[in-house]
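Heads up: the structure comes next, in structure tokens.
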Amino acid sequence: MAIPENFRPKILGFLCNWCSYAGADLCGTSRYQYPPSLRIIRMMCSGRMDLDFVLRALSNGNDGVFIGGCWLGECHYVTEGNYDALSVLHLAKKLLAKVGINPARIRLEWVSASQGNRFAEVVTEFTNELTTLGPLGEGEGIDPATLKLKLDAVARLLPYIKLVEREKIRVRFENKEEYAEFFDSPALNALFDTTIADKLAISQILGLLHERQRSTREIADTLNMPISEVTERLKDSSRQKLVRFDEAEKCYALA
Ligand code: FES
């Protein structure tokens, strides 16, 4: 993929009021330089971060999402929301990867109120990384219509995904590394595959069939999904009477 020469990534940043937002403020008043790529939404705590915010940010034309919070152990609330932000980060990365979007497009950093220079550094680094990845969708080889379809497919499943997260995935570890290890573990991957990934595939397929009927091959090619997976998911969907096979056209359509 050739990245457009004048491409400047757009990042939506969610910053906690007490640390990262104050760090951004100090960065400005100290005149540390960083690229004009970031638009900021101030939250009281990074624990307010929600999967829905990530999807809406990407659906609305941003190329990346930045979450800024207090260092672990320094959250200003007894609930220590920055631990929850780590879970949201990792789950969002898994969901994005599953629909073919580069998980590096979401990033979380701890920045204290006194770290204006660090704020400039991490935003510059993230901007450079996104510049290398290219525009959202284009960088992944996904056309705009399919990108929208994929993000909508995740958004439709969010209430269910949040339920699974609350019931089966919610964890509390001591540090960033332990979160990364847990979310990358075979046990978590198996749980993700059996509870979320199959439904995510079906959600994408149904979204595509909502436009018009298609063959298995066409669905696989459009969604960049292995044909074996599409076949399996279509069988599941037929059993649930969500789709039907049109013998004459040799295509699947919504039931
Ligand atoms: Fe900053 Fe909770 S107040 S992360």
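Note that ligands are numbered from 1 as they come in the structure, with each ligand's atoms numbered from 1 the same way. This structure is a prediction, so every number in the text was calculated from the model and none was measured.
The pair K162-D50 meets the salt-bridge criterion, since a charged nitrogen lies less than 4.0 angstrom from a carboxylate oxygen. Ion pair K250/E247 flagged as a salt bridge, since at least one NZ, NE, NH1 or NH2 atom sits closer than 4.0 Å to an Asp/Glu carboxylate oxygen. Between E140 and K150, no side-chain nitrogen of the basic residue sits less than 4.0 Å from a carboxylate oxygen of the acidic one, so the salt-bridge criterion is not met.
Nearest to atom 4 (S) of ligand 1 by heavy atom, out of S46, G68, G81, is S46.
Using a 4.0 Å cutoff on heavy atoms, M44 counts as a contact of ligand 1.
Ring planes of F66 and F119: perpendicular class, angle over 60° (limits at 30 and 60°).
Listed by number with element, the atoms of ligand 1 under 4.0 angstrom from any heavy atom of Y77 are 3 (S). Against a heavy-atom cut-off of under 4.0 Å, W18 is close to the following atoms of ligand 1: 3 (S).
Not a single N, O or S atom of C75, from either the backbone or the side chain, sits less than 2.8 Å from atom 1 (Fe) of ligand 1. Under 2.8 Å from atom 2 (Fe) of ligand 1 lies no N/O/S atom of C70, from backbone or side chain alike.
Residue-level proximity to ligand 1 for E74 is absent, since no heavy atom of it falls below 4.0 angstrom.
Put simply, the side chain of C19 does not reach to within 4.5 Å of the side chain of W110, judged on heavy atoms. In this structure, L223 and V230 have side chains that are not in contact, with every pair of non-hydrogen atoms separated by 4.5 Å or more.
Scanning the protein heavy atoms around atom 3 (S) of ligand 1, the nearest turns out to be H76 N, 3.4 Å.
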